[in-house]
Amino acid sequence: MRWWDIEPVLELEHELFPDDAWSAGMFWSELTHARGARATHRYLVAEEPGTGRIVGYAGLASAGDLGDVQTIAAARDQWGTGLGARLLTELLRAATDFECAEVLLEVRVDNTRAQRLYERFGFEPIGFRRGYYQPGNVDALVMRLTDPAQTKTAHTEHPESSESNG
């Protein structure tokens, strides 16, 4: 993801997460850590072939040997196409590059589609964050994947992307 991707990413963000969408400032802040030799974040977008329309995006932050999936989203017309799995695969590759021993994420307790995706990749539930998603006061399920370098998936293609990874 690059700065010029923020506007179309925000449009998708507001479509998918109308109540708790990230702001432009949040994306800008994340991207400041995704460039250069000391990058600790990886953000990417998936573009629709032919049109260049951004149909998905994802981001990972790392600190020491811990990775954290900050965001992952696919346009509704891409649900069921494997795009979410391809984006997650790329984040786990980044976690391996960052030498993360484990990866955490939060997912809305009512987002069972995403929970199933994460479980297919080996993530396991480890707890809850009460009222994590505001303003709706929706709980988050916290999930963990140990040793992302050993994760095996059937999704090996790369999303068509404009990446930011120093």
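Please read all numbers here as calculations on a predicted model, not as lab measurements.
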Q: Tell me, yes or no, whether the heavy-atom count around Trp79 atom CH2, taken from other residues, nucleotides or ligands under 6.0 Å, exceeds 12.
A: yes
Q: Mark yes or no: Arg130 above the aromatic ring of Phe128, with NZ or CZ under 6.0 Å from the six-membered ring centre and no more than 45 degrees from the axis.
A: yes
Q.
Does Glu119 have more than 12 heavy atoms from other residues, nucleotides or ligands lying within 6.0 Å of its CD?
A. yes
(Q) Quick test of your reading: applying side chain to side chain donor-acceptor pair (under 3.5 Å), list the pairs with at least one residue in residues 69-78, sequence neighbours left out, ordered by first then second residue. (A) Arg53-Asp77, Asp68-Gln70
Q) Does Glu124 CD have over 12 foreign heavy atoms under 6.0 Å away? A) no
Q) So do the side chains of Leu105 and Val142 get within less than 4.5 Å of each other, counting heavy atoms only? A) no
Q. For the side chain of Arg86 and the backbone of Thr81, is there at least one donor-acceptor N/O pair under 3.5 Å apart?
A. yes
**Q.** Check: Trp3 and Trp28 side chains under 4.5 Å, non-hydrogen atoms
**A.** yes
(Q) Could you check whether any side-chain N or O of Thr146 sits under 3.5 Å from a backbone N or O of Glu102, counting only pairs where one atom can act as donor and the other as acceptor? (A) no
Q.
For a side-chain contact (heavy atoms from CB on, under 4.5 Å) check, start with the C-alpha distance between Asp65 and Cys100, then their side-chain angles and the critical distance, and finish with the verdict.
A. CA-CA 4 Å; Asp65 67 351; Cys100 296; 5.6 Å; no
(Q) Quick test of your reading of the model: are Arg93 and Glu90 salt-bridged, counting only N-O distances below 4.0 Å? (A) yes
Q.
Quick one: does any side-chain atom of Ser29 pair with a main-chain N or O of Gly25 as donor and acceptor, under 3.5 Å?
A. no
Q: Specify whether Trp22 and Phe27 have parallel, tilted or perpendicular ring planes, treating 30° as the upper limit for parallel and 60° as the lower limit for perpendicular.
A: tilted
Q.
Within the 3.5 Å criterion, strictly below it, is a donor on Glu48 or Thr51 matched to an acceptor on the partner's side chain?
A. yes
Q) Does Glu15 CD have over 12 foreign heavy atoms under 6.0 Å away? A) yes
Q. Any sub-3.5 Å donor-acceptor pair from Asp139's side-chain atoms to Gly131's backbone N or O?
A. yes
Q: Begin from the C-alpha positions of Val103 and Leu60 and carry the test side-chain contact (heavy atoms from CB on, under 4.5 Å) through to its verdict.
A: CA-CA 9 Å; Val103 177; Leu60 175 95; 4.2 Å; yes
Q: Spell out, as yes or no, whether a donor-acceptor pair under 3.5 Å connects the side chain of Asp5 to the backbone of Arg2.
A: yes
Q) Can you find a heavy atom in the side chain of Tyr118 that is under 4.5 Å from one in the side chain of Ile72? A) yes
